[in-house]
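One structure below.
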Amino acid sequence: MEEIVGFSRAVRVGSFIAIGGTAPVDASGKTVGVGDVFAQTTQCFEIIKAALEQAGSGLDDIVRTRVILTDIGTWKEAIEA
């Protein structure tokens, strides 16, 4: 989606990398895991992982995440992912 809407998935400033808002979509822009918070969160982390690796980093270097849920009752599935 970066090319379509013109934003940067990841930006490095010094030794820090900021990852932009990430939605659970596949390469064609279709939502992955409709109704499945675990699958959606997993897809978001796959997108984040790829962006970090492109920037020379990885998931082990994450110090903070933010998750937005439409139903707080699904928080356990998001955390498990």
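Quantities reported herein were computed from a predicted structural model and do not represent experimental measurements.
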Stepwise side chain to side chain contact (heavy atoms under 4.5 Å, CB included) test for T22 and Q43: CA-CA 9 Å; T22 304; Q43 176 66 12; over 6 Å; no
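- Counting all heavy atoms, side chain and backbone alike, A10 lies closest to A51 at CB-CB, 4.1 Å.
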For residues 64-81, which side-chain N or O atoms pair as donor and acceptor with protein atoms under 3.5 Å away, sequence neighbours left out?
from : atom 1 : to  : atom 2 : distance (Å)
D71  : OD1    : G73 : N      : 2.9
T74  : OG1    : D71 : O      : 2.7

Show which side-chain atoms of residues 29-36 pair as donor or acceptor with protein atoms under 3.5 Å away, not counting sequence neighbours.
from : atom 1 : to  : atom 2 : distance (Å)
D36  : OD1    : F38 : N      : 3.2
D36  : OD1    : A39 : N      : 3.1

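- I48 belongs to a hydrophobic cluster whose other members, connected by ILVMFWY side-chain contacts under 4.5 Å either directly or through intermediates, are I17, I19, F45, L52, L59, I62.
- Summarising the local packing, CD of Q54 is surrounded by 12 or fewer heavy atoms from other residues, nucleotides or ligands at distances under 6.0 Å.
- No donor-acceptor pair closer than 3.5 Å links the side chain of E53 to the backbone N or O of G58.
- Here the side chain of R12 pairs no donor or acceptor atom with the backbone of A18 at under 3.5 angstrom.
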